[in-house]
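I have placed the structure first, in the form of structure tokens, so that the comments after it can refer back to it.
Order of the sequence lines fixes the chain letters, A, B, ..., with proteins taken first and strands second; residue numbering starts at 1 for each chain.
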2 protein chains.
Amino acid sequence: MIESGRDTGRQFASLVKQLRRAGLRPTRQRLALASLLFEGDNRHVCAENLFDDAQAGNIRVSLATVYNSLHQFTEAGLLREVTVAPGRSYFDTNITDHHHFYHEDDGSLVDIPDDDVISTHLPVPPEGTKIARVDIVVRIESKK
Amino acid sequence: MIESGRDTGRQFASLVKQLRRAGLRPTRQRLALASLLFEGDNRHVCAENLFDDAQAGNIRVSLATVYNSLHQFTEAGLLREVTVAPGRSYFDTNITDHHHFYHEDDGSLVDIPDDDVISTHLPVPPEGTKIARVDIVVRIESKK
DNA sequence: GTGTTTGCAAAGTGTTTGCAATTTA
DNA sequence: TAAATTGCAAACACTTTGCAAACAC
């Protein structure tokens with residue numbers, strides 16, 4: 001998928017644009033990670049997880065850079081962070097309005113299908129505040 | 001509120017019962033923590049937080065025991081755990097069905113008033129699973 | 001060249017664990 | 001007395017940081 005080094009310019013034209021638009025320099029590491037994240041189906045990754053993918057893909061990148069990139073991407077609106085349990089933070093490449101199933105048994109996170117709409121009446125936020133986002137996590141477990 | 005030591009027996013009759021019912025021995029530490037948690041208004045505490053309260057109330061208890069107790073209380077259904085951000089886990093003494101405002105600016109957690117009902121249409125859980133719980137966190141921030 | 005980004009290893013944070021000593025029943 | 005619980009300190013997982021070297025523009 002990714003060759004291995006130095007080919008920063010050519011083949012990722014669209015990723016380069018995407019990063020630029022987000023105000024991030026298209027470095028080799030960011031491009032490689034962006035490629036893992038955004039080329040293909042939507043994903044829910046955690047840092048360690050993406051780091052492993054990178055290694056497997058012969059991408060030389062440090063764990064610290066993975067963390068930094070994930071946060072930069074999130075701030076730039078390219079990713080959405082979902083926290084489901086202490087020490088279990090996912091980054092979702094699907095940034096459209098949607099919610100999640102969290103499987104308590106194996107810790108996996110899955111989008112709730114769009115057509116299975118959860119109709120929410122938004123509550124009135126406390127005086128002086130406004131709603132930034134609504135997170136709905138439907139915790140599921142195996143039927144015994 | 002709590003005197004200071006050794007008076008495990010008498011004055012916490014109802015707490016003792018509550019713990020016994022939950023299958024937990026009413027030790028001095030658990031009684032003291034239960035007293036902080038369950039006598040008075042509903043609270044959203046984190047471990048560190050409750051530990052500080054204990055110290056302030058001259059209750060001799062270790063941080064490890066606070067963690068253990070919080071989890072035991074949660075398993076026993078006396079508390080409900082709410083995770084809002086990586087490394088930010090709250091325990092809610094209100095175990096009725098309800099949801100939360102999470103204030104992004106200061107990290108505080110507040111119950112959404114009961115009468116401000118969020119009507120959810122529950123999604124169909126994936127094959128072979130059932131819904132264990134639905135967590136809704138409404139993230140709010142100060143109006144600029 | 002200048003400012004940004006990276007990698008490393010070290011430091012942090014929040015939480016859990018192992019085990020001897022203590023407490024409960 | 002037997003079994004459960006506690007405290008401590010060490011171990012832990014996950015994440016962030018400081019800084020010199022490498023890179024983008």
What's the closest nucleotide to the side chain of [X] if the choices are [options]?
X	options	result
A/Ser62	C/dC8, D/dT6, C/dG3	C/dC8
A/Thr65	D/dA9, C/dT6, D/dT15	C/dT6
B/Ala64	D/dT6, D/dC8, C/dA25	D/dC8
B/Asn68	C/dT17, C/dG7, C/dT15	C/dT17

For a quick check of understanding: with a heavy-atom distance under 4.0 Å over all strands, which category does A/Arg88 fall into, base, sugar-phosphate or nothing? nothing
Indicate whether the side chain of B/His44 and that of B/Asn49 have a donor and an acceptor atom separated by less than 3.5 Å. no
Indicate whether OP1 or OP2 belonging to [N] is found under 4.0 Å from a side-chain N or O atom of [X].
X	N	answer
A/Arg28	D/dA24	no
A/His71	D/dT15	no
A/Thr27	C/dT4	no
B/Tyr67	C/dT16	no

If I take atom CG from residue A/Leu19 and atom NZ from residue A/Lys17, how far apart are they, to the nearest 0.5 angstrom? 12.5 Å
Rounded to the nearest 0.5 Å, how far does CD of B/Glu39 lie from OG1 of B/Thr93? 12.0 Å
Rounding to a whole Å, what distance do you find between A/Arg20:CZ and C/dT4:P? 15 Å
Starting at atom CZ of A/Phe51, determine the distance to atom P of D/dT15, rounded to an integer number of angstrom. 13 Å
Output the pairing pattern of DNA chain D as a dot-bracket string, 5' first, Watson-Crick or G-U wobble with both distances under 3.5 Å, | for cross-strand pairs, [ ] for crossing pairs. ||||||||||||||.||||||||||
Check: [Y] main-chain N/O paired with [X] side-chain donor or acceptor under 3.5 Å:
X	Y	result
B/Thr74	B/Leu70	yes
B/Ser35	B/Leu31	no
B/Asn94	B/Asn42	no

Judged by nearest nucleotide, the residue sitting upstream toward the 5' end of DNA chain C, A/Leu24 or B/Gln29, is A/Leu24
For A/Ser69 and A/Arg25, take the nucleotide of DNA chain C holding the closest heavy atom to each; which residue's nucleotide lies nearer the 5' end? A/Arg25
Students often mix this up, so state it plainly: with edges at 30° and 60°, are the rings of A/His98 and A/His100 parallel, tilted or perpendicular? perpendicular
